[in-house]
**Student:** 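Right, I'll just put the structure down here and ask away after.
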Amino acid sequence: MSRPKAEKKSAKKAGQSGFAQFAACISGWLGSSWAFGAAALTILVWAATGPVFHYSNTWQLIINTGTTIVTFLMVFLIQNTQNRDSRAINLKLNELILAIDAAGDQMINIEKLSDADLDALQGKYERIKAEIKSRA
């Protein structure tokens, strides 16, 4: 699946590291239907060759090694993509909080709070929700 030129250029913005560009490009490609089709075809070819190789240990080792390597590398690509997406979403939310006069700015950057602080905030909003529900 080919990406439009404008989209390719936007992925190579100034300040984006080489790995970030690589991860974004590969994640986009590997998430496509073409990549799924290629993976499914690989499994079908491997399965079809089972009788030819008498379902040997080497035949099994090939798919086990291949899938292990791909999974290992994909963990890092997916994590990088998730980290970037989470950061971008948090920055957008911070901007929205700042843009709304009625919103309290104490919620900006709460993702950096400890788990105990986040639990306390969650409890506060659950109490508010229960209070609103009891009034209705």
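Note: hydrogens, waters and symmetry copies are ignored here, and every other heavy atom, side chains too, is used.
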**Student:** Test of understanding: clusters of I, L, V, M, F, W, Y form through side-chain heavy atoms closer than 4.5 Å, transitively. Do Trp46 and Phe53 belong to the same one?
**Tutor:**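 Hydrophobic grouping puts Trp46 with Phe53.
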**Student:** Once you round to the nearest 0.5 Å, how far does CD of Glu95 lie from CD1 of Ile100?
**Tutor:**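 Answer for the CD-CD1 pair, Glu95 versus Ile100, is 10.0 Å.
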**Student:** In terms of hydrophobic clustering (I, L, V, M, F, W, Y; side-chain heavy atoms under 4.5 Å; direct or indirect links), are Ile63 and Val52 co-clustered?
**Tutor:**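 The answer is yes; both residues are in one hydrophobic cluster.
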**Student:** Mind checking who shares a hydrophobic cluster with Leu113, ILVMFWY linked at side-chain heavy-atom distances under 4.5 Å?
**Tutor:**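 Ile97, Leu98, Met107, Ile108, Ile110, Leu118, Leu121, Tyr125, Ile128, Ile132, all in the cluster of Leu113.
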**Student:** Which heavy-atom pair separates Asn80 from Ala23 by the least distance, and what is that distance?
**Tutor:**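 Distance-wise, the nearest heavy atoms are OD1-CB, 3.4 Å.
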**Student:** Report the relative orientation of the aromatic rings in Tyr55 and Trp59; use parallel for angles under 30°, tilted for 30 to 60°, perpendicular for over 60°.
**Tutor:**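 Rings of Tyr55 and Trp59: perpendicular, over 60°.
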**Student:** Does the Ser134 side chain pair with the main chain of Glu131, one donor and one acceptor, at a distance under 3.5 Å?
**Tutor:**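 It does hold such a pair.
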**Student:** Measure across Thr81 and Ser27 and return the closest heavy-atom pair with its distance rounded to 0.1 Å.
**Tutor:**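 The pair with the smallest heavy-atom distance is OG1-OG, 3.1 Å.
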**Student:** Would a 4.5 Å heavy-atom cut-off, applied to side chains only, mark Lys92 and Leu96 as touching?
**Tutor:**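 When only atoms from C-beta onward are counted, Leu96 and Lys92 do not touch, as no gap falls below 4.5 Å.
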**Student:** Assess whether atom CZ of Phe36 is packed by more than 12 heavy atoms of other residues, nucleotides or ligands within 6.0 Å.
**Tutor:**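 At most 12 heavy atoms, drawn from other residues, nucleotides or ligands, come within 6.0 Å of this atom.
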**Student:** Hey, what do you get for CZ (Arg84) to CZ (Arg87), rounding to the nearest 0.5 Å?
**Tutor:**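 Going from the CZ atom of Arg84 to the CZ atom of Arg87 covers 8.5 Å.
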**Student:** Under a single-linkage definition using a 4.5 Å side-chain heavy-atom cutoff for Ile, Leu, Val, Met, Phe, Trp and Tyr, are Ile62 and Ile43 assigned to the same hydrophobic cluster?
**Tutor:**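 They do not share one cluster, since no chain of ILVMFWY contacts under 4.5 Å joins Ile62 to Ile43.
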**Student:** So, taking the atom named CG in Asn64 and the one named CD1 in Ile69, what distance separates them when rounded to the nearest 0.5 Å?
**Tutor:**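 Going from the CG atom of Asn64 to the CD1 atom of Ile69 covers 11.0 Å.
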**Student:** Is Trp29 reachable from Leu77 through a run of hydrophobic residues whose side-chain heavy atoms are each under 4.5 Å from the next?
**Tutor:**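 Yes; Trp29 is reachable from Leu77 via cluster members.
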**Student:** Got a second to check how far Asp115's CG is from Gln122's CD, nearest 0.5 Å?
**Tutor:**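 That separation rounds to 11.0 Å.
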**Student:** NZ/Lys112 to CG/Asn90 distance, rounded to the nearest 0.5 angstrom?
**Tutor:**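 Between atom NZ of Lys112 and atom CG of Asn90 there are 8.5 Å.
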**Student:** Rounded to the nearest 0.5 Å, what separation is found between the CG atom of Asn83 and the CD1 atom of Ile78?
**Tutor:**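 Answer rounded to 0.5 Å: 12.0 Å.
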